[in-house]
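Side-chain atoms are counted along with the backbone in the values below, which use heavy atoms only and exclude waters and symmetry mates. The structure presented is a predicted model; accordingly, all values stated were derived computationally and were not measured.
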Amino acid sequence: AGMERQNSPTRSVERALDILECFMDKDEMILLEFSPQDGEDDIDGGQEEVGQRKPGISFEERLKEIEISLEEGMKFCGNDVDFYKEILGDYVKACDDKSAELTGYYDSKDWKSYRILIHSTKSGSKAIGADRVYEAALQLEEASANEDEQFITEHFKEFLELYKNTADNIEGVLKEA
């Protein structure tokens, strides 16, 4: 019974709203509506449409090439490919601002604010299936909770590069989709 509740449509919408909060301002959240488009929710990303634009390579395959798990991301988006693509777009748009804000907290050694924002980045990364960014953010979140400046200093720039490269790669895939 627990698994059924976790995967229910209501739970999927609640999870999606939690994810969107990582990327959107409160004012933007007010206007959200969820409506399926013609009942389509296929997990392959509408392979026929994608296939016409880039023969032989599906949306899912392009994501795999950049180490993004469509399957994992779809769990958080109620198996709605269009909604997932929106979330990916929001992730890309948020990257520059979050990177700059994280850098500011890092430079000022404001570990409490840094931890809150790295947590948000971690959650957003998990939600889209960016496991490498998720794992790196998790380590930095734990280090910031422990005020482990040495670990943060040794890994923060590497994390930013990974985060930005991931967002850039996602942007490229979305342009092809």
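One finds the NZ atom of Lys126 at 10.0 Å from the NZ atom of Lys122 (value rounded to the nearest 0.5 Å). Summarising the geometry, atom CG belonging to Leu102 is positioned 13.5 Å from atom CZ belonging to Arg115; distances are rounded to the nearest 0.5 Å. Atoms CZ and CG, from Arg62 and Leu174 in turn, are 9.0 Å apart once rounded to the nearest 0.5 Å. For the atom pair CZ (Arg132) and OG (Ser69), the distance works out to 14.5 Å, reported to the nearest 0.5 Å. A distance of 7.0 Å separates NE2 in His155 from CD in Gln139, rounded to the nearest 0.5 Å. Note: Lys85 NZ to Asp90 CG = 14.5 Å, rounded to the nearest 0.5 Å.
There is no side-chain donor-acceptor pair under 3.5 Å between Ser99 and Lys164.
The side-chain hydrogen bond (donor to acceptor under 3.5 Å, both in side chains) search around Lys64 returns none, not counting sequence neighbours. Shown here are the ring pair (Phe, Tyr, Trp, His ring centres under 6.0 Å) partners of Tyr114, two or more places apart in sequence or in another chain: Trp111, Phe156.
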Trace of the side chain to side chain contact (heavy atoms under 4.5 Å, CB included) decision for Lys98 with Leu117
CA-CA 8 Å; Lys98 281 192 174 191; Leu117 191 56; 4.2 Å; yes
Would you please test Lys175 and Glu171 for side chain to side chain contact (heavy atoms under 4.5 Å, CB included) and show each step?
CA-CA 6 Å; Lys175 285 180 181 177; Glu171 185 175 32; 4.0 Å; yes
Applying side chain to side chain contact (heavy atoms under 4.5 Å, CB included) to Ile118 and Phe159, what does each step give before you reach the verdict?
CA-CA 10 Å; Ile118 200 80; Phe159 168 78; 3.6 Å; yes
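Across Ala167 and Val92, no two heavy atoms sit closer than the pair O-CG2, 3.3 Å. When all heavy atoms of Ile57 and Glu61 are compared, the pair lying nearest together is CA-OE1, 3.2 Å. Shortest non-hydrogen contact noted between Tyr163 and Cys95 is OH-CA, 3.5 Å.
Atom CD of Glu161 is surrounded by 12 or fewer heavy atoms from other residues, nucleotides or ligands within 6.0 Å.
Tested against Ile66, the residues Asp168, Asn169, Thr166 include a single side-chain contact (heavy atoms from CB on, under 4.5 Å) partner, Asn169.
By the 4.5 Å side-chain criterion applied to Ile, Leu, Val, Met, Phe, Trp and Tyr, Leu138 is assigned to a cluster that also includes Tyr134.
The distance between the ring centers of Tyr91 and Tyr84 does not fall below 6.0 angstrom.
Under the 4.5 Å side-chain criterion, counting only non-hydrogen atoms from C-beta, Ile128 is in contact with Ile170.
Here Lys109 does not pair with Glu147 in a salt bridge; the nearest charged N to carboxylate O distance is not below 4.0 Å.
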